[in-house]
Amino acid sequence: MITCSAPAKVYLFGEHAVVYNESAICCAVNIRTRVNIEYSENIVINSSLGTTGIDYEIHPYVSAVVEKIRKKSPYRGVSISIESDIPVGSGLGSSAAVVVATICAFNNLLKLGMDKESIASFGHSIEKEIQGAASATDTYVSTMGGTVAIPARQHLKNPLCNLIIGNTNVFSSTGQLVAKVASLKSIYPEVITPILSTIGKASLRGESLLENEDYRSLGELMNVNQGLLEAIGVGCDELSRLIHSSRTAGALGAKITGAGGGGCMVALAENENIDAISREIKNAGGIPIVTGVTDSGVRVDFDNE
Ligand SMILES: Nc1ncnc2c1ncn2[C@@H]1O[C@H](COP(=O)(O)OP(=O)(O)O)[C@@H](O)[C@H]1O
Ligand SMILES: C[C@@](O)(CCOP(=O)(O)O)CC(=O)O
Ligand SMILES: [Mg+2]
């Protein structure tokens, strides 16, 4: 049996702007998906979504990895079991984490010799195949870990603050929200393009604030980024309630993470405010997850093969 795991991710800055090659800052956070693999007679994929064989309805991402690898390195059968602490479909990159952890598990079982760059790139190709357009950000950050400047892929100093994620439990479709922004931009290019560029500038300024450990200013700019995301139409009432409650409870900054329209927000929190912020997220109808940045990207947790 081999066990590999990979982390979730949050955007401190730059979601949506990064689609138009503006800068973003994305962090791996210590909420993980674990994939166990061993040889077996057939293909079995077991997760909280169900127990299947190759099944592109229930396990599209994992099935794609299983089939692609089988083509390159034939094997008789494997049994894959997945446990995850990452909420599914909430903008935290659960698909990227399960993809890169599954690739890592095969890499070690079949001794494929893939390095982290190859795992990230293969993972991105799987996300693109299954969901159509997909930025490389989620799979890269889940593979490498840490705090990453996008598109430069430069590792930055991790924020020493806590990151409290508030899950609205409201489903949102990344594709639909990206299309909504594209439509607004095509109608009002002279208005929307400068907003996306300003988000990119906030992200670039955030890089130096992280370097200088100026978390008060970092949070202030995250709030500005939130206002700009509202301006391009990706906010929603549930997210606004969690964001404003977090700020009232002492968050240095709070904003959407990911596509918006539902899913999650993230608050930058000093230790002394963790309980108050978590409580206020709960009172505002959200599910708080207290976490922080992890340098540990995809990794082997157990190998007795
Ligand atoms: N623990 C898991 N086990 C199996 N598949 C998973 C798991 N987590 C995520 N997935 C796959 O990823 C999909 C969610 O991906 P996506 O819609 O991109 O949301 P997210 O923002 O969480 O990445 C799920 O529908 C499922 O196919
Ligand atoms: C909106 C976007 O910038 C981030 C989407 O993040 P998520 O899929 O909601 O975790 C789209 C992208 O970068 O692929
Ligand atoms: Mg995803």
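In this text, all values refer to a predicted model and were calculated from it rather than measured experimentally. One-based numbering, in listed order, for ligands and for the atoms of each.
- Without hydrogens or angle criteria, Arg70 side chain to Arg76 main chain gives a donor-acceptor distance under 3.5 Å.
- Not a single donor-acceptor pair under 3.5 Å links the side chain of Thr294 to the backbone N or O of Ala28.
- Around the CD atom of Glu190, the shell of radius 6.0 Å holds more than 12 heavy atoms that belong to other residues, nucleotides or ligands.
- No hydrogens or angles considered: a donor-acceptor pair under 3.5 Å links the side chains of Ser197 and Lys201.
- The N/O atoms of Val18, backbone and side chain alike, include none that comes under 3.5 Å of an N/O atom in ligand 2.
- A salt bridge does not link Glu220 to Arg205: none of the charged side-chain nitrogens sits closer than 4.0 Å to a carboxylate oxygen.
- Contacts between Thr137 and ligand 2, counted as non-hydrogen atom pairs separated by less than 4.0 Å, are absent for every part of the residue.
- Lys68 forms no cation-pi arrangement with Phe106, by the criterion of a distance under 6.0 Å to the ring centre and an angle within 45° of the ring axis.
- The Lys9 neighbourhood of ligand 2 comprises atoms 6 (O), 7 (P), 10 (O), with distances under 4.0 Å to a heavy atom of that residue.
- Every residue meeting the side chain to side chain donor-acceptor pair (under 3.5 Å) condition with Ser240, not counting sequence neighbours, appears here in chain and number order: Glu230.
- Distances between N or O atoms of Thr174 and those of ligand 2 include at least one value under 3.5 Å.
- Remark: Arg216 pairs with Glu270 by the salt bridge (charged side-chain N to carboxylate O under 4.0 Å, His left out) rule, at least two apart or across chains.
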Under the criterion side chain to side chain contact (heavy atoms under 4.5 Å, CB included), I'd like the reasoning laid out for His16 against Leu177: C-alpha separation, chi angles, the key distance, then a yes or no. CA-CA 9 Å; His16 288 288; Leu177 284 142; 4.1 Å; yes
Between ligand 1 and the protein, which N/O pairs are shorter than 3.5 Å?
{"residue": "ligand 1", "atom": "18 (O)", "partner": "Ser95", "partner atom": "OG", "Å": "3.2"}
{"residue": "ligand 1", "atom": "21 (O)", "partner": "Gly91", "partner atom": "N", "Å": "2.9"}
{"residue": "ligand 1", "atom": "22 (O)", "partner": "Gly89", "partner atom": "N", "Å": "2.9"}
{"residue": "ligand 1", "atom": "22 (O)", "partner": "Ser94", "partner atom": "N", "Å": "3.2"}
{"residue": "ligand 1", "atom": "22 (O)", "partner": "Ser94", "partner atom": "OG", "Å": "2.5"}
{"residue": "ligand 1", "atom": "23 (O)", "partner": "Ser94", "partner atom": "N", "Å": "3.2"}
{"residue": "ligand 1", "atom": "23 (O)", "partner": "Ser95", "partner atom": "N", "Å": "3.2"}
{"residue": "ligand 1", "atom": "23 (O)", "partner": "Ser95", "partner atom": "OG", "Å": "3.1"}

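- Of all protein N/O/S atoms, those under 2.8 Å from the Mg ion (ligand 3) are Ser95 OG, and waters are not counted.
- A donor and an acceptor atom, one from each side chain of Glu22 and Ser203, are nowhere located under 3.5 Å apart.
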Where do Ser81 and Asn36 land on the side-chain hydrogen bond (donor to acceptor under 3.5 Å, both in side chains) test, with the steps shown first? CA-CA 5 Å; Ser81 70; Asn36 307 298; 3.0 Å; yes
